[in-house]
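To keep things clear, I will list the structure first and then write my remarks on it.
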Amino acid sequence: MTLVAQYKKVRNTIPENVTLVAVSKTYPSSVIKEVYDAGQRIFGENRPQELREKYELLPKDIRWHMIGHLQTNKVKYIAPFVELIHSVDSDRLLSVIDSEAMKNGRVIDVLLEVHVAVEDTKSGWDADELRLYLSEGKWRQYKNVRIKGLMTVASQTDDEEVISHEFRVVREMFKEFADEYFGSQMDTISMGMTHDYLTAMDCGANMVRIGSLIFGDREYK
Ligand SMILES: *Cc1c(COP(=O)(O)O)cnc(C)c1O
């Protein structure tokens with residue numbers, strides 16, 4: 001199947017109310033352009049410099065999302081144009097995004113990354129850490145960031161029970177934080193990738209991040 005046919009096939013599994021982020025990391029601009037020409041406008045990358053280079057080469061109406069772990073000293077590469085940063089996992093990062101956004105005269109939308117998977121990755125807040133952080137209220141001083149929702153990566157397992165449990169935990173946290181702090185400003189639950197996006201949508205995701213199912217296998221992640 002051609003890339004465009006494969007893209008359309010994936011697209012057709014996703015309802016209107018769910019936003020598809022086409023994860024184009026490691027793929028060249030020429031390949032991204034084919035999917036762009038088929039109608040896709042939101043692309044996700046996980047390396048700031050790669051994201052910046054592609055932004056410069058490709059059409060300016062692409063809405064770029066940063067989905068991977070972000071170091072504070074690299075925020076500057078993407079601050080002028082990024083539409084959404086999915087992977088905010090510390091107060092320090094939030095404060096740097098805020099100041100880079102201010103320098104660029106804009107407000108940057110972000111998601112807070114929650115760590116619920118069994119793997120001991122360094123990305124994401126544990127549920128209780130995040131609860132505590134939000135209750136302390138330090139985030140309220142950052143006027144140039146807008147917290148739009150939560151993002152998560154589920155455990156790497158074929159056990160659907162485990163995965164759907166993790167997604168449901170994040171959906172419950174989303175409701176809790178929206179009620180408590182953010183109201184209707186908080187409207188995005190980013191969860192689900194190639195292997196688990198159908199489960200994620202069943203569990204309340206309204207944004208999915210799909211790479212290899214559209215573009216084919218990557219050489220590295
Ligand atoms: C690479 C990546 C994806 C997409 O992964 P696929 O399995 O290729 O769909 C989604 N989210 C994050 C955070 C990623 O790093």
Side-chain angles (χ1 to χ4, degrees), residues 1 3 6-14 18-28 31-32 34-35 40-52 54 62-71 74-75 77-78 82-90 93 97 109-126 130 148-160 162-164 166-167 169-171 174 188-221:
M1 203 180 298
L3 172 61
Q6 181 62 20
Y7 162 69
K8 288 184 174 162
K9 190 174 150 198
V10 174
R11 171 83 267 171
N12 285 336
T13 62
I14 299 171
V18 176
T19 301
L20 168 61
V21 179
V23 177
S24 50
K25 62 189 185 194
T26 81
Y27 283 93
V31 168
I32 299 172
E34 281 186 57
V35 175
Q40 180 67 19
R41 288 294 176 274
I42 303 179
F43 291 89
E45 292 278 335
N46 68 343
R47 296 178 185 203
Q49 284 109 321
E50 186 177 338
L51 177 44
R52 176 63 179 246
K54 289 172 175 174
I62 289 183
R63 294 148 60 192
W64 291 102
H65 288 198
M66 175 68 201
I67 61 166
H69 183 69
L70 181 56
Q71 289 170 279
K74 295 190 174 162
V75 174
Y77 295 118
I78 59 171
V82 70
E83 178 177 71
L84 181 65
I85 299 175
H86 290 228
S87 41
V88 174
D89 60 359
S90 69
L93 179 57
I97 294 169
D109 287 345
V110 303
L111 305 178
L112 304 175
E113 182 173 355
V114 192
H115 177 251
V116 287
V118 295
E119 290 92 8
D120 190 17
T121 62
K122 291 205 178 64
S123 333
W125 266 287
D126 289 333
L130 183 54
K148 296 288 288 176
L150 301 180
M151 179 274 225
T152 202
V153 177
S155 294
Q156 285 175 27
T157 168
D158 294 329
D159 188 339
E160 261 202 54
V162 170
I163 294 173
S164 58
E166 292 172 353
F167 286 149
V169 166
V170 174
R171 185 189 51 192
F174 171 89
T188 305
I189 311 183
S190 167
M191 51 190 196
M193 322 187 350
T194 289
H195 294 290
D196 57 15
Y197 78 99
L198 295 171
T199 308
M201 292 191 303
D202 281 344
C203 297
N206 62 9
M207 186 174 280
V208 294
R209 311 175 306 269
I210 302 180
S212 41
L213 190 62
I214 296 172
F215 293 101
D217 287 334
R218 288 179 297 273
E219 308 221 327
Y220 66 100
K221 285 215 177 183

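The analysis underlying the following values was restricted to heavy atoms, covering all of them including side chains, and did not include hydrogens, waters or symmetry mates. Both ligands and their constituent atoms are indexed starting at 1 by order of listing.
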Query - Heavy-atom nearest option to atom 12 (C) of ligand 1, drawn from I67, V10, V208, T26 - result: I67
Compare every heavy atom of [Y] with every heavy atom of [X], then report the nearest pair and how far apart it is.
X	Y	answer
V114	T152	O-OG1, 2.7 Å
A117	A154	CB-C, 3.8 Å
I32	E45	CD1-OE2, 4.1 Å
V18	M207	CG1-N, 4.1 Å

Query raised in the report: Is there a donor in the side chain of E166 and an acceptor in the side chain of S155, or the other way round, less than 3.5 Å apart?
Result: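 Looking only at side-chain atoms, S155 and E166 do form a donor-acceptor pair, the distance falling under 3.5 Å.
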**Report entry** Donor-acceptor pair between H86 and E113 side chains, under 3.5 angstrom
**Finding:**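 Looking only at side-chain atoms, E113 and H86 do not form any donor-acceptor pair under 3.5 Å.
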Query - Atoms in ligand 1 with a heavy atom of I210 nearer than 4.0 Å - result: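 Those atoms are 9 (O).
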Requested in this report: Would you mind listing which atoms of ligand 1 come within a distance below 4.0 Å of any non-hydrogen atom of S212?
Outcome: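 Within the 4.0 Å cut-off of S212, ligand 1 contributes 6 (P), 7 (O), 8 (O), 9 (O).
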For ligand 1 and [X], I'd like to know whether there is a polar contact (N/O to N/O, distance under 3.5 Å).
X	answer
G211	yes
K25	yes
T194	yes

Requested in this report: May I ask whether L213 places a heavy atom under 4.0 Å from ligand 1?
Outcome: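 Judged by the 4.0 Å heavy-atom criterion, L213 does not count as contacting ligand 1.
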